[in-house]
Enquirer: 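Pasting a structure here, questions to come.
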Amino acid sequence: MAFIRKKPREQQLQLYSRERFSLLLLNLEEYYFEQHTANHIQHKGNRNERKIRGSLKICSKSVIFEPDAISQPIIKIPLRDCIKIGKHGENGASRHFAKAVPGGISLIFSQGTMEYVFELDVSGKVDDVVETLLQLHRASCLDKLGDQTAMITAILQSRLARTSFDKNRFQSVSETLHMECKAEMVTPLVTNPGHVCVTDTTLYFQPLNGYPTPVVQITLQDVRRIYKRRHGLMPLGLEVFCTEDDLCSDIYLKFYEPQDRDDLYFYIATYLEHHVAERSAESYTLQWQRGHLSNYQYLLHLNSLADRSCNDLSQYPVFPWVVSDYSSPELDLSNPGTFRDLSKPVGALNKERLERLLARYQEMPEPKFMYGSHYSSPGYVLFYLVRIAPEYMLCLQNGRFDNADRMFNSIAETWKNCLDGATDFKELIPEFYGDDISFLINSLKLDLGKRQGGQMVDDVKLPPWARSPEDFLRKSREALESSYVSEHLHEWIDLVFGYKQKGGDAVGAHNVFHPLTYEGGVDLNSMEDPDEKVAVLTQILEFGQTPKQLFATPHPRRITPRFKSGSQPSSCNASTADSPERRRLTRLPLDAVSPGEESFEDLTEESRTLAWSNITKLQLYEQHRIHKEAVTGIAVSCNGSSVFTTSQDSTLKMFSKESKMLQRSISFSNMALSSCLLLPGDGTVISSSWDNNVYFYSVAFGRRQDTLMGHDDAVSKICWLDSRLYSASWDSTVKVWSGVPPEMSAARRHQFDLLAELEHDVGVDTISLNAAGTLLVSGTREGTVTIWDLTTATMLHQIPCHSGTVCDTAFSPDSRHVLSTGEDGCLNVIDVQTGMLISSMTSDEPQRCFIWDGNSVLSGSQSGELLVWDLLGGRSTDRIRGHAGAVTCMWMNEQCSSVITGGEDRQITFWKLQY
């Protein structure tokens with residue numbers, strides 16, 4: 001992908017500069033310092049003497065001469081192999097020729113004392129160039145590689161310190177400089193030192209050598225994403241993207257100091273806050289679960305978030321093998337046997353090989369590892385991409401292609417070797433699931449060698465089920481997006497990006513690689529021996545690196561049709577547990593619904609979807625102040641004519657929507673009421689109170705018909721379902737009561753039996769049930785959200801996800817997720833199956849209550865506004881003015897077309913969708 005998309009850009013730059021030179025001509029970890037226009041004088045002093053015009057390039061370990069004439073070869077002279085360097089024709093140790101060439105530099109090569117003479121156009125620069133070459137020559141001749149690297153680094157830093165960014169390169173004279181520092185631009189296999197500069201409008205990079213362009217510039221307004229990166233397992237990288245989904249960045253920078261990287265990141269990120277939303281792995285997880293991101297797109301995002309970059313071949317994006325059948329004439333995606341076991345790393349797919357590896361692992365001294373090679377490394381990446389990036393393979397392998405029998409020749413052979421090979425555990429790269437076939441075809445007609453059987457290595461041999469390269473990529477992508485892979489991809493994510501990447505879980509999953517491949521596996525800064533440091537860094541860059549760990553808990557599985565529940569409750573069912581009638585309407589199993597009712601349900605679901613897509617068009621049409629203090633609860637009769645509300649003024653009130661008049665006002669005690677709900681049939685209203693009690697009010701008889709004294713502190717919230725009452729209290733408990741039938745008799749008092757007590761460490765402020773009544777979520781005053789299994793009265797997950805009180809919680813309609821809001825202004829989405837926090841958005845004020853449909857949220861804010869949130873986009877999309885004080889409670893009808901809110905301004909507000 002990187003080579004498919006970035007190479008045309010580089011080729012355009014080379015056409016612009018008319019150069020054949022490439023940084024790939026340099027050795028690994030070599031720098032290109034400067035270039036001079038010069039003549040190469042051949043056969044000096046001979047009748048055949050001639051001058052070849054070109055460019056002399058001074059590099060940290062070599063001198064390269066690039067002739068202007070394309071018919072002449074490029075010359076590379078390793079400095080380490082030079083025995084004399086000096087001004088041509090001068091006497092002395094390295095200046096021994098009698099007849100001088102004006103502006104001439106002489107390099108005598110050790111192989112047969114071959115002499116190279118170069119004549120600079122600017123003769124005044126000869127002394128400086130010779131001094132630089134002698135200095136670099138001394139560095140190249142040091143015995144220890146660590147000493148060589150240290151001296152070359154010192155020379156480089158000295159050059160960078162003597163130069164600065166050329167302010168004349170600014171796009172506008174009005175630009176204000178905010179920061180300038182030294183850095184290197186990273187491209188595959190090479191880095192290019194220079195100066196980074198950021199102004200109030202533009203990010204610049206000016207290469208020290210002016211190659212391939214004098215300056216690279218990116219307008220900040222075009223930036224869409226920015227990521228901190230590890231480079232060589234050090235926190236020094238920064239990658240900037242001007243696209244939303246492309247894996248190829250616009251620039252990758254490696255800094256010399258982490259603080260410079262962090263300062264530049266902070267400045268650009270601060271700028272971006274006003275333009276684009278920052279995205280996290282969790283926000284992508286939610287989109288993927290909900291089907292808004294494909295498996296391919298999700299893996300691209302995870303790779304990017306885990307420091308995988310097309311510019312760093314030791315951290316190239318990694319994708320899984322998903323198909324295991326490369327011999328059948330047809331690819332059957334309905335057969336589970338077609339697919340690879342995604343719960344195991346490649347090294348554990350072959351049982352016999354795994355047993356041998358484990359036996360070696362048991363005998364190995366610490367630090368132990370199971371696999372002697374990695375699943376992703378520069379060599380593996382270029383193995384796949386040799387047909388479109390041959391120059392990179394030649395650079396990596398000292399100018400030669402690999403042995404023909406080890407080349408990427410056949411899909412089936414490669415898969416077989418990954419299964420059976422003693423040291424081959426490689427996964428795939430994104431190109432296998434893309435749409436560009438060029439990496440499978442030898443369109444450049446490269447001579448890739450002849451195999452032992454006599455066949456030339458040419459195009460990649462495809463499996464029988466692929467009619468063409470296009471068909472192979474199409475079917476591979478279909479396999480990646482298939483139901484089987486969607487249901488199991490989370491298992492592979494656990495291995496590569498998740499909790500099975502390290503520690504005991506990695507050992508149990510047979511997923512342990514060399515310690516140097518892991519982040520934090522070695523501290524390069526603490527190494528005093530320069531040779532050891534260079535050796536370790538080289539091993540890190542060449543062996544491959546394990547992705548940054550993104551998830552510390554099991555990754556949620558994708559929501560596929562196979563796993564969706566038969567009935568689809570409305571958005572308000574999960575978020576308004578105080579609306580029992582809507583719960584009753586949606587908890588019927590699918591087989592209990594007649595064809596006519598099913599059609600009605602489909603119609604209702606369609607109307608809900610339409611309503612939520614137009615939720616920003618919600619308009620206020622009535623307000624009534626019926627309480628003396630903040631409204632705390634809302635319940636509405638089935639026909640929508642009567643609205644019951646509770647308040648901190650200790651009253652329960654009944655308001656008529658038709659007459660727009662208050663019909664009843666009931667007081668149970670002198671303490672605030674905290675919530676209310678209406679039992680099916682509209683005959684009984686239940687209210688919770690700060691006086692530790694729950695009150696039952698008969699609408700027909702107009703009186704209190706019962707009292708449940710079940711807590712030792714204020715009751716904060718109540719829910720009801722299937723003749724069971726759930727009460728939350730500041731006494732740190734949630735209690736489950738039986739004996740609360742839909743139709744309560746006013747003639748006798750009821751016997752309430754305590755079925756379960758769910759204990760918390762601190763007071764509980766809010767609870768909510770899922771549509772089936774099998775799960776309950778609670779939120780405490782210390783910011784903890786807890787998910788309970790009501791069938792066993794046991795805790796499933798406890799997630800400390802807020803700083804301060806949890807204001808509201810609710811399940812999504814499909815019970816897959818929980819949304820919570822808190823005093824800290826955060827809206828957090830939690831995966832019910834794993835307990836993972838998969839999305840978090842921050843508001844500038846607390847969102848006191850909300851309703852949601854699993855994708856969008858309508859919340860009531862502390863300031864009195866209603867906010868609309870796009871969870872999948874991770875942002876607030878609209879604000880609607882409503883109350884004069886905080887919005888404290890909210891109700892929505894079954895069709896999601898009508899909303900009622902209550903607030904601290906003592907008013908109830910009626911809203912309707914206008915579309």
Side-chain angles (χ1 to χ4, degrees), residues 1 244-248 279-306 308 310 316-325 331-346 349 375-376 384 411 415 426-436 465-466 471-501 547 550-551 554-564 814 816-817 831 833-834 836 838-839 854-855 871-873:
M1 181 178 300
E244 288 291 351
D245 300 316
D246 200 339
L247 193 62
C248 301
R279 305 300 292 272
S280 63
E282 291 79 13
S283 65
Y284 290 123
T285 300
L286 182 63
Q287 291 188 60
W288 172 71
Q289 274 197 291
R290 294 274 170 197
H292 292 261
L293 282 179
S294 66
N295 292 337
Y296 176 80
Q297 291 171 319
Y298 185 50
L299 289 175
L300 285 184
H301 287 305
L302 292 187
N303 272 284
S304 187
L305 290 166
R308 312 302 286 187
C310 292
Y316 201 81
V318 57
F319 269 58
W321 289 94
V322 297
V323 173
S324 64
D325 180 4
L331 187 65
D332 183 2
L333 298 181
S334 64
N335 179 10
T338 298
F339 298 94
R340 164 255 183 108
D341 185 347
L342 289 165
S343 68
K344 298 177 181 178
V346 169
L349 293 175
Y375 50 75
S376 177
Y384 290 128
I411 302 292
W415 168 246
K426 59 179 172 283
E427 293 278 10
L428 297 181
I429 54 176
E431 282 78 357
F432 279 81
Y433 303 103
D435 54 11
D436 195 310
W465 47 257
D471 189 47
F472 172 75
L473 292 187
R474 181 179 61 81
K475 288 177 178 175
S476 295
R477 182 67 174 265
E478 288 175 357
L480 180 66
E481 305 299 339
S482 66
S483 295
Y484 179 91
V485 174
S486 294
E487 292 166 11
H488 294 276
L489 186 59
H490 64 283
E491 297 172 332
W492 185 84
I493 292 172
D494 285 335
L495 295 169
V496 177
F497 302 105
Y499 81 108
K500 290 183 179 179
Q501 186 192 92
L550 299 178
F551 308 103
H555 190 281
R557 72 194 316 164
R558 194 172 196 189
I559 301 171
T560 61
R562 174 177 169 180
F563 292 106
K564 287 185 179 180
D814 58 10
R816 295 282 182 177
H817 298 119
D831 180 74
Q833 180 194 12
T834 63
M836 179 188 290
I838 62 170
S839 178
N855 297 320
L871 285 179
L872 303 178

Enquirer: Given Q289, which partner from the list R816, H817, R558 fulfils the side chain to side chain donor-acceptor pair (under 3.5 Å) test?
Expert: H817

Enquirer: Ring of Y296, cation from R477 - is the NZ or CZ under 6.0 Å from the centre and inside 45° of the axis?
Expert: yes

Enquirer: Do I429 and F319 have side-chain heavy atoms sitting under 4.5 Å apart?
Expert: no

Enquirer: How long is the span from the CD atom in Q501 to the CG atom in L550, to the nearest 0.5 Å?
Expert: 8.0 Å

Enquirer: Using a 4.5 Å cut-off on heavy atoms from C-beta on, say whether the side chain of L480 contacts that of L299.
Expert: yes

Enquirer: Checking the side chain of S304 only, and the main-chain atoms of L300 only, is there a donor and an acceptor separated by less than 3.5 Å?
Expert: no

Enquirer: Nearest 0.5 angstrom please: L489 CG to L302 CG, how far?
Expert: 8.5 Å

Enquirer: Atom OH in Y499, atom NE2 in H555: separation rounded to 0.5 Å?
Expert: 12.0 Å

Enquirer: For side chain to side chain contact (heavy atoms under 4.5 Å, CB included), just list the numbers for Y298 and I493, CA-CA rounded to whole Å, side-chain angles, deciding distance to a tenth of an Å, and then say yes or no.
Expert: CA-CA 11 Å; Y298 185 50; I493 292 172; 3.6 Å; yes

Enquirer: S376 vs R308, test: side chain to side chain contact (heavy atoms under 4.5 Å, CB included). Steps then yes/no.
Expert: CA-CA 10 Å; S376 177; R308 312 302 286 187; 3.0 Å; yes

Enquirer: Hey, could you give me the CG/CG distance between L342 and L495, rounded to the nearest 0.5 Å?
Expert: 9.0 Å

Enquirer: Please lay out, stage by stage, how W492 and E427 fare under the test side chain to side chain donor-acceptor pair (under 3.5 Å).
Expert: CA-CA 11 Å; W492 185 84; E427 293 278 10; 3.0 Å; yes

Enquirer: Say whether, by atom type as modelled, one donor and one acceptor occur between the side chain of N303 and the main chain of V318 under 3.5 angstrom.
Expert: yes

Enquirer: Give a yes or no on whether a salt bridge exists between D494 and R557, defined as a side-chain N under 4.0 angstrom from a carboxylate O.
Expert: no

Enquirer: Which heavy atom of V485 sits nearest to which heavy atom of A479, and what is that distance?
Expert: CG2-O, 3.1 Å

Enquirer: Should S324 and W415 count as side-chain neighbours, where that means a heavy-atom distance under 4.5 Å?
Expert: yes

Enquirer: Please report the closest heavy-atom contact between F339 and L333, naming both atoms and the distance.
Expert: CE1-O, 3.5 Å

Enquirer: Donor-acceptor pair, Q287 side chain versus L293 backbone, under 3.5 Å?
Expert: no

Enquirer: If you define the side chain from C-beta out and look only at heavy atoms, does anything of D435 sit under 4.5 Å from L473?
Expert: no

Enquirer: Considering non-hydrogen atoms only, spot the tightest contact between K344 and R340 and give its length.
Expert: O-NH2, 3.0 Å

Enquirer: Side-chain contact test, heavy atoms from C-beta onward, threshold under 4.5 Å: evaluate it for W288 versus P556 and give yes or no.
Expert: no

Enquirer: Just checking, any donor-acceptor pair under 3.5 angstrom between side chains of W465 and D471?
Expert: no

Enquirer: When you measure from the side chain of T338 to the backbone N and O of N335, does any donor-acceptor pair fall under 3.5 Å?
Expert: yes

Enquirer: Working to the nearest 0.5 angstrom, can you tell me the gap between L428 CG and W321 CH2?
Expert: 4.5 Å

Enquirer: Between Y284 and S839, do the side chains contain an N or O donor and an N or O acceptor separated by less than 3.5 Å?
Expert: no

Enquirer: About how many Å separate OG of S343 and NE2 of H488, when rounded to the nearest 0.5 Å?
Expert: 8.5 Å

Enquirer: Could you walk me through whether Y433 and N295 satisfy the side chain to side chain contact (heavy atoms under 4.5 Å, CB included) test, starting with their C-alpha distance in whole Å, then the side-chain angles of each, then the deciding distance to 0.1 Å, before giving a yes or no?
Expert: CA-CA 10 Å; Y433 303 103; N295 292 337; over 6 Å; no

